[in-house]
Amino acid sequence: MSIASTNLKGIVAATALLVTFSFPCSAQTADSRDEEELLQQLSQATPEQSINIDRQLKALWAQSGSASADLLLERGREALDHGDTQAAIEHLTALTDHAPQFAEGWHVRASVFFGIDLFGMAAADLEHALTLNPNNYEAIYGLGLIFEIIGQPDKALEAYNRALSIHPHHEEVTNAVNRLKPQVEGSAL
């Protein structure tokens with residue numbers, strides 16, 4: 001079963017916006033600064049528990065440690081929210097130049113590139129983000145989506161399975177695996 005590229009792009013765009021702007025407003029628990037502990041909890045969590053842990057991880061990954069980097073990320077996200085992809089790219093490029101070790105800057109810029117069909121640039125940014133933060137299951141998922149769109153379902157499924165190994169209850173990744181697995185592994189007779 002195949003999925004139309006336009007449908008997949010719509011799903012990705014909606015997911016990217018949701019991920020980009022869905023950070024918790026409430027205070028985090030004391031362990032929210034320990035990525036290793038949160039990832040361990042996520043791997044063993046129930047679907048309901050995973051929602052809060054997912055939010056904590058995304059909030060942790062969004063912390064640059066620099067007021068100027070935070071401002072550039074905020075401006076990039078605001079521009080993206082207003083549909084101004086050129087301004088978003090400019091702010092996020094300034095961010096990656098200013099804070100090249102901040103994985104989330106690369107990840108968010110990849111989402112913008114993906115949204116305007118610059119899949120090579122999106123993949124390069126995702127690979128850079130994953131070099132800095134190999135546990136970012138959202139970036140791994142994004143890479144899987146690119147592989148799926150460019151017609152490499154084996155690599156897409158491999159990326160999706162990697163993301164699920166980190167976040168077993170990620171709904172979009174689970175749906176992607178269910179969609180691709182019969183295509184890649186074949187159907188049982």
Side-chain angles (χ1 to χ4, degrees), residues 12-82 84-85 87-115 121-145 159 162-173:
V12 172
T15 301
L17 285 174
L18 179 64
V19 167
T20 301
F21 298 107
S22 64
F23 294 102
C25 297
S26 60
Q28 300 298 315
T29 59
D31 64 355
S32 69
R33 298 203 184 278
D34 185 349
E35 180 183 15
E36 187 175 322
E37 176 64 27
L38 288 169
L39 289 166
Q40 178 65 29
Q41 289 175 13
L42 184 63
S43 70
Q44 300 171 355
T46 65
E48 295 77 24
Q49 293 169 330
S50 70
I51 294 168
N52 185 47
I53 298 167
D54 174 68
R55 286 183 184 141
Q56 290 180 57
L57 280 164
K58 289 175 185 172
L60 181 64
W61 293 336
Q63 295 175 3
S64 70
S66 162
S68 57
D70 290 344
L71 180 62
L72 288 168
L73 181 62
E74 180 183 337
R75 286 185 177 170
R77 287 180 169 158
E78 286 174 359
L80 182 59
D81 188 34
H82 291 102
D84 189 350
T85 56
I89 290 170
E90 290 171 7
H91 291 302
L92 295 166
T93 298
L95 173 59
T96 59
D97 289 346
H98 173 75
Q101 297 302 311
F102 181 43
E104 191 62 12
W106 297 95
H107 178 222
V108 175
R109 189 174 76 170
S111 297
V112 178
F113 285 145
F114 184 92
M121 294 176 80
D125 276 6
L126 288 171
E127 288 175 358
H128 196 93
L130 288 167
T131 298
L132 298 169
N133 180 3
N135 295 311
N136 187 331
Y137 43 83
E138 295 293 348
I140 298 167
Y141 172 55
L143 205 51
L145 289 169
R162 180 174 164 210
L164 275 183
S165 73
I166 299 168
H167 186 339
H169 302 293
H170 193 293
E171 188 175 344
E172 291 86 5
V173 177

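- For the atom pair Asp34 CG and Leu57 CG, the distance stands at 10.0 Å (nearest 0.5 Å).
- Residues Ser50 and Ala45 come closest through the heavy atom pair N-CB, 3.8 Å.
- Summarising the geometry, atom CD belonging to Gln56 is positioned 5.0 Å from atom CG belonging to Leu38; distances are rounded to the nearest 0.5 Å.
- Taking NE2 of His169 as the start and CD1 of Ile51 as the end, the distance is 10.0 Å to the nearest 0.5 Å.
- In this structure, Ala79 and Ala88 approach most closely via the heavy-atom pair CB-N, 3.5 Å.
- Side-chain polar atoms of Ser64 and Ser66 form no donor-acceptor pair below 3.5 angstrom.
- Rounded to the nearest 0.5 Å, atoms CG (Leu130) and CZ (Arg162) are 5.5 Å apart.
- Heavy-atom contacts from other residues, nucleotides or ligands closer than 6.0 Å to CD of Gln63 number more than 12.
- Rounding to the nearest 0.5 Å places CD1 of Ile166 at 5.0 Å from CG of Asn135.
- A side-chain hydrogen bond (donor to acceptor under 3.5 Å, both in side chains) with Trp61 holds for exactly one of Glu104, Glu138, Glu35; it is Glu35.
- In this structure, the side chain of Thr93 does not engage the main chain of Glu90 through any donor-acceptor pair within 3.5 Å.
- Atom CD of Glu36 is surrounded by 12 or fewer heavy atoms from other residues, nucleotides or ligands within 6.0 Å.
- In this structure, Pro168 and Ser43 approach most closely via the heavy-atom pair CG-O, 3.8 Å.
- The aromatic rings of Tyr137 and His170 stand perpendicular to each other, their planes meeting at an angle above 60°, with 30° marking the opposite boundary.
- How far CG of Leu73 is from OG1 of Thr96: 11.5 Å, rounded to the nearest 0.5 Å.
- The shortest heavy-atom contact between His82 and Glu78 is ND1-O, 2.7 Å.
- When side chains are defined from C-beta on, Leu132 does not count as touching Phe102, because their heavy atoms never get closer than 4.5 Å.
- There is a side-chain donor-acceptor pair under 3.5 Å between Gln41 and Glu37.
- Judged as a ring pair (Phe, Tyr, Trp, His ring centres under 6.0 Å), and not counting sequence neighbours, His91 has no contacts.
- Taking the side chain as every heavy atom from C-beta outward, His107 and Leu126 approach each other to under 4.5 Å.
- Side-chain N/O atoms of Glu127 and Trp106 include no donor and acceptor closer than 3.5 Å.
- Using a 4.5 Å heavy-atom threshold, the side chains of Arg77 and Ser111 count as separate.
- Checked against side-chain hydrogen bond (donor to acceptor under 3.5 Å, both in side chains), Asp84 has no partners two or more places apart in sequence or in another chain.
- In terms of the side-chain hydrogen bond (donor to acceptor under 3.5 Å, both in side chains) criterion, Thr85 has no residue partners (sequence neighbours excluded).
- Not one N or O on the side chain of His128 forms a donor-acceptor pair closer than 3.5 Å with the backbone of Ala124.
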